[in-house]
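Right, one structure below, let's go through it.
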Amino acid sequence: MPASEESDDDALYVLTAVVLTPARFPSVLGDDYPEACAALGLAPHEAGYGLVLGQDGEGARWTVVTEDVSLVACAIAAWDCGMEYDLAVDDRTVVASLPGWPLAVAVAAPGVPAPHDPAPDPEPAAGGAPRPPLAPPDTDRWGPAQRRLGADEIALRWAVWREQVDSDVTFVAPGEKPHGGVRRVLEEARGYLKAPPPPGRVRSAFASGDARTLRADGPGWSIVARTDDIAFVLMDDAPGEVLPVGRGPELPALLTALDELAVRPT
């Protein structure tokens, strides 16, 4: 299924696109890059992929996977700036055309039927059953996907969340330990310094000045922090809670060490 703006039924009407690389991937799909790739049935190649989400001429949902990551990144950058960008993927770079969408998409292509999953392939590949259509992870109730989305929100709106801590939250007194769940998360994150985790478990992005926004994930937990400030912890077994961790004597060194092993966008 090519990504184009042609009007025939085989064309793909592009709605949105995302990048899937070790340093930048939809975290709702997994705690790390290999896990996010596995959700789509893709091998975790270091160079990554571009995911183009759209509809065909009959309105069916499709996700086109391309190895031309730069093309997709350019399109996203243009769209973020409010510019038009005609994203057309060269067939030669297409790795797979997957039915369905792995992420929620709030828009639809004009002039075609409403978004729906395509009919199953009547002739699946030899030896394989038809792949069920991709669908967004369930975020209606608290769990790994919603926990990671919560961490995304904090990273995106750091100033807002940081202000709430200043006004509403009191850190533990100096010398005291955080409660058991947070202490366990920090110890597991510290374990990454001895045994590096899969790519994407720890990611670093520009913040301001010399600071970095740090994101670390693990089994049942997420950390969002700034290397010059505090950290926030979210856990699967603490539904809806956002737990702040003050600088204290240990956090700065931990954040600096994690930032050194983190993958960064190129």
Side-chain angles (χ1 to χ4, degrees), residues 1 3 16-54 60-70 72-73 76 89 93-105 117-118 120-121 124-152 155 185 188-189 191-192 195-205 215-224 234-237 258 261-266:
M1 171 118 335
T16 190
V18 294
V19 169
L20 180 67
T21 68
R24 183 182 174 190
F25 59 90
S27 60
V28 69
L29 298 178
D31 285 323
D32 52 52
Y33 173 63
E35 190 174 317
C37 287
L40 306 179
L42 301 172
H45 294 309
E46 183 178 354
Y49 307 94
L51 306 180
V52 180
L53 283 62
R61 306 180 184 96
W62 289 94
T63 298
V64 172
V65 183
T66 174
E67 60 186 14
D68 193 343
V69 182
S70 296
V72 173
I76 294 171
V89 177
T93 70
V94 172
V95 176
S97 292
L98 306 174
W101 294 333
L103 307 171
V105 178
D117 289 333
D121 188 346
R131 179 188 175 92
L134 299 173
D138 180 12
T139 57
D140 289 338
R141 56 183 180 179
W142 186 261
Q146 195 175 81
R147 177 250 303 168
R148 291 189 292 262
L149 284 176
D152 289 346
V185 169
E188 290 188 18
Y192 289 168
R201 281 281 178 98
V202 184
R203 289 170 281 161
S204 176
R215 173 68 176 272
D217 294 276
W221 56 266
S222 295
I223 295 175
V224 186
L234 297 87
M235 297 181 291
D236 287 354
D237 55 7
L258 288 173
L261 64 82
V263 290
R264 302 185 178 206
T266 56

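Side chains included, hydrogens not; waters and symmetry mates left out as well; all remaining heavy atoms used. The residues of the chain are indexed from 1 along the displayed sequence. Remember, it's a predicted structure, so these values are computed and weren't measured experimentally.
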Checklist entry - Can you name the side chain to side chain contact (heavy atoms under 4.5 Å, CB included) partners of Ala43, sequence neighbours left out? => result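 Once residues adjacent in sequence are excluded, the partners of Ala43 under the side chain to side chain contact (heavy atoms under 4.5 Å, CB included) criterion are His45, Tyr49.
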What closest approach, in Å, do [X] and [Y] show between heavy atoms, and which atom pair accounts for it?
| X | Y | value |
| --- | --- | --- |
| Thr139 | Gln146 | O-NE2, 2.5 Å |
| Pro34 | Pro44 | CA-CB, 3.9 Å |
| Ser27 | Arg215 | OG-NH2, 3.6 Å |
| Ser222 | Ala151 | CB-CB, 3.9 Å |
| Leu53 | Pro102 | CD2-CD, 4.2 Å |

Can you find a pair of side-chain heavy atoms, one from [X] and one from [Y], that are under 4.5 Å apart?
| X | Y | result |
| --- | --- | --- |
| Val202 | Pro197 | yes |
| Phe25 | Val19 | no |
| Ile223 | Val185 | yes |
| Leu42 | Leu20 | yes |
| Val28 | Pro137 | yes |
| Pro198 | Tyr33 | no |
| Leu51 | Val72 | no |
| Val89 | Asp68 | no |

Between [X] and [Y] (side chain of the first, backbone of the second, donor and acceptor by atom type, cut-off under 3.5 Å), is there such a pair?
| X | Y | value |
| --- | --- | --- |
| Arg264 | Arg203 | no |
| Thr63 | Gly100 | yes |
| Trp142 | Met235 | yes |
| Trp62 | Val52 | no |

Item to check | Sidechain N-carboxylate O distance under 4.0 Å for Arg148, Asp236 | outcome: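 Answer for the salt bridge query: no.
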Item to check | Sequence neighbours excluded - salt bridge (charged side-chain N to carboxylate O under 4.0 Å, His left out) pairs with any residue from residues 32-53 | outcome: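 Listed by first then second residue: Asp32-Arg201.
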Checklist entry - How far apart are the C-alpha atoms of Tyr192 and Leu258, what are their side-chain angles, what is the distance that settles it, and do they pass the side chain to side chain contact (heavy atoms under 4.5 Å, CB included) test? => result CA-CA 8 Å; Tyr192 289 168; Leu258 288 173; 4.3 Å; yes
Item to check | Results of side chain to side chain donor-acceptor pair (under 3.5 Å) for Arg24 - residues two or more places apart only | outcome: none
Item to check | CA sep, side-chain torsions, deciding dist, call: Val18, Leu103, side chain to side chain contact (heavy atoms under 4.5 Å, CB included) | outcome: CA-CA 10 Å; Val18 294; Leu103 307 171; 3.9 Å; yes
